[in-house]
Every structure is written in C-alpha cells, then in structure tokens.
2 protein chains.
Amino acid sequence: MKLTSKGRYAVMALVDLARFDNINPVSLRDISLRQGISLDYLEQIFSKLKKNEIVKSIRGTQGGYVLNKSPNDIKLTNIFHAVDEKVKTVQCKKESKKGCNGKATKCITHNLWDELEIHINTFFENKSLKDLLNNNKETRV
Amino acid sequence: MKLTSKGRYAVMALVDLARFDNINPVSLRDISLRQGISLDYLEQIFSKLKKNEIVKSIRGTQGGYVLNKSPNDIKLTNIFHAVDEKVKTVQCKKESKKGCNGKATKCITHNLWDELEIHINTFFENKSLKDLLNNNKETRV
DNA sequence: ACATACCTGACTAAAATGGTCAAGTTTAGA
DNA sequence: TCTAAACTTGACCATTTTAGTCAGGTATGT
Ligand code: FES
Ligand code: FES
C-alpha cells in the first residue's frame, strides 16, 4: 500500500499555498521552487483542484492560485478525491453481489478490507488543511 | 493507495488454511480451487510465509501446509511483513535527516504522512487471524 | 507589446504488478 | 518399486500504473 506522488504533492502544494495566500495569489512557479515539485506536474494537479473548486485561478501577470474555501473546510478527503487518489482495498466491485474471485458470493476477506478502507478514510475525513497549518506556522514575508 | 493482490491473497489463503487445518495439512491446490487464486502464484506467497515461520510445510503426497502458530498470534502485520506488503506513505528515507525534496529539512507534510502510516499500521497490529475466523465460522467437512 | 502565468493534451521512460512457465525434489501409497 | 501428489526454486514476461516531460497554446497586468 503506498501513497502516490500525485496525492502527496497535492497536499504539499495546498499547504504551501495556504500559508502564502493571505494577500496575493500564489504562482505555481513559486510553489514549484519552494517545494521542489515539477512545474508541469503541478499544472496537471492544479487543473484538477480547480475543477473541484478547491482553488481559484487568476490569470495574467501577477496571477496565480487562491484557495476557494476556508482551510478548515478543505479536508484531505476533498483533496484526494479531486486528484483521483483513491483508497482501494477490495478487489471486487462494491455494488456487485459477486466476489473478487468471480464466485456468486463475497470472498472471506471482503469485510476485512472494507473495514480497512473505512479506517483509512476516517483519517482523511478528519484532517483539514487548517490542522496542517497549525503544525507548520510561519510568519509571512 | 491500494492494497496489492499479494497481500490480499496471503490473508485470504491463510484464513482458508486456518479453517481447514485442524487435522490434515492443506494443499495449495485446494486453496487455489476454493479461493480462485492461481496455484503458481500461491506457491510464491507460501514460500515467503514459510520463511517467516507463519506456516510449516509437509512434502509428498497428502502433504500441504499447516499453521505454525495459533491463529491468535498471527497478526495481519506479520502476514504483510512476510510477503513484503508494506505501508509506505512518506517519500523520504525515514532514517535520513533530509526531506523528500532533497532539502536539508523534512518537508511540510512529512509529519502528516507519518501519522497516517501509524494509523494504518495500528489496524494491522490489532487484527489477528483469529478475529477473521470468528467472522467466517464454518463447520469442518 | 511583452513577460508572466495559467491552460491543455499528447507523449513516454521506468517501475510495479500480477502473474506464467519450466524444471526440479520429496514422500505416501498402490 | 513405481507413480502421482504436492512442495521448491528461479527465471521470465505482458500489462498497467506512475511520474513525470514536452509542446504548444491563451489571458492579462504593466
Ligand atoms: S474483496 Fe470483495 S469479494 Fe473479495
Ligand atoms: S515525506 Fe518525508 S520529507 Fe517529505
């Protein structure tokens, strides 16, 4: 089980953004430099974050991105959902009655993985961007 | 974040094994048929489980595998460790002082991922094979 | 006008995944 | 003793996913 870079970067970038967005929009270039993430890759990520209304964009010189909600209202769940980082523990299709082995009934470990999925998602639902900011307080420049 | 087949199969196979091992060793062939897992793949998995002393093997006709410990002493952690299914949320090397971005200090989300890793591992440490058996009781043939 | 910064889509190298295949060795039972 | 069941080992491979790069745009403040 591992976390992909896309999910990790999305959160990293948003924390960075949240720390600096008080007045001016923050350019991806700045985030890229500060966090050491490829600019081209960041653009892909922010495109999705924008579609999911987590950030707003401002074009042109001095443009950049701004949070679209209060940090308290942006949960990790929202971020991960936006960039398609999903927790997948079961093999089968959940809606289906069939099991992962093609049999008519769910496999003997299905419930376990389901529990695990809930366990992990709970973590993501309870963490907001604000929680992360408190841990990394820094005075603005 | 997703669970790999190797980890899922390992647990599935062990639950199956635990249900049937009261008297006779259980052959991989049987597990393969009951659970719909490729025999060749199971062999790879059980080779690792054996190295980690989770199961014992009995060769020859009527041979098979038997649990090497009580189901209560086999935690998911042990199983996953045996088959190299590890939870990896941070990008950086944990021992190192350096961050994932190559900078001299840990990145702004490092602590978060560390928390997540602990959260997930706690689940695995608290689940034993016995817990899974209770959920799937079945009378022996 | 022009530099800055967002926007979009195609493309790809490398790694991980989820197996298969082949060639054994060991041992119970006929 | 012969044979078939079952463990053992290691190499091999197709497909998918990941983690980006590249090459073009378009909008806008100064
Ligand atoms: S994981 Fe759902 S049936 Fe096996
Ligand atoms: S994940 Fe450890 S430094 Fe970024």
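Letters go in sequence order (proteins before strands), and every chain restarts at 1.
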Atom CE of B:M1 and atom P of C:dA16 are separated, to the nearest Å, by 16 Å
Review item, nucleotides 26-30 of chain C N/O atoms under 3.5 Å of protein N/O:
unit_1, atom_1, unit_2, atom_2, d
C:dT26, O4', B:R59, NE, 3.4
C:dT26, O4', B:R59, NH2, 3.4
C:dT27, O2, B:T61, OG1, 3.4
C:dA28, N3, B:T61, OG1, 3.3

With sequence neighbours left out, the residues meeting side chain to side chain contact (heavy atoms under 4.5 Å, CB included) with A:T122 are A:I118, A:N126
Closest to the 5' end of DNA chain D, once A:I58 and B:Y65 are matched to their nearest nucleotides, is B:Y65
From NZ of B:K48 across to P of D:dT8 the rounded distance in Å is 15 Å
The correct set of residues in residues 81-90 of chain A placing a heavy atom under 4.0 Å from DNA chain D is none
In A:V15, A:L132, A:D131, the residue satisfying side-chain contact (heavy atoms from CB on, under 4.5 Å) with B:L112 is A:L132
note: A:I45, atom CD1; C:dC6, atom C1'; distance rounded to Å ~ 15 Å
Between CE of B:M12 and P of C:dG18 the distance, given in whole Å, is 12 Å
B:Q62 meets the side chain to side chain contact (heavy atoms under 4.5 Å, CB included) criterion, sequence neighbours left out, with none
Taken in chain and number order and not counting sequence neighbours, the residues that satisfy side chain to side chain donor-acceptor pair (under 3.5 Å) with A:T4 are A:E85
Reading nucleotides 9-21 of chain D from 5' to 3' and marking B where a protein heavy atom lies under 4.0 Å of the base, S where only the sugar-phosphate is that close, and - otherwise, the string is --B------SBBB
Those residues at least two apart in sequence (or on a different chain) that pass ring pair (Phe, Tyr, Trp, His ring centres under 6.0 Å) with A:H81 are none
Sorted by chain and residue number, the side chain to side chain donor-acceptor pair (under 3.5 Å) partners of A:D16 (sequence neighbours excluded) come out as A:R34, A:Q35
When rounded to whole Å, the CG to P distance for the pair A:L33 and C:dT4 reads 13 Å
Taken to the nearest whole Å, CD1/A:I31 to C1'/C:dA5 is 12 Å
Quick note, salt bridge (Lys or Arg N to Asp or Glu O under 4.0 Å) partners involving residues 62-77 of chain A, not counting sequence neighbours, are none
Residues 24-72 of chain A vs ring pair (Phe, Tyr, Trp, His ring centres under 6.0 Å), sequence neighbours excluded, gives A:Y9-A:Y41, A:F46-A:Y65
Applying salt bridge (charged side-chain N to carboxylate O under 4.0 Å, His left out) to A:K94 and not counting sequence neighbours gives A:D114, A:E117
Separation of C:dG18 atom P from B:Q35 atom CD, nearest Å, is 18 Å
_Ring geometry between A:F124 and A:F80 (parallel below 30°, tilted from 30 to 60°, perpendicular above 60°)_ = perpendicular
Enumerate, atom names and distances included, each donor-acceptor pair closer than 3.5 Å involving a side-chain atom of residues 49-60 of chain A, sequence neighbours excluded.
unit_1, atom_1, unit_2, atom_2, d
A:K50, NZ, A:S57, OG, 3.1
A:N52, ND2, A:K48, O, 3.0

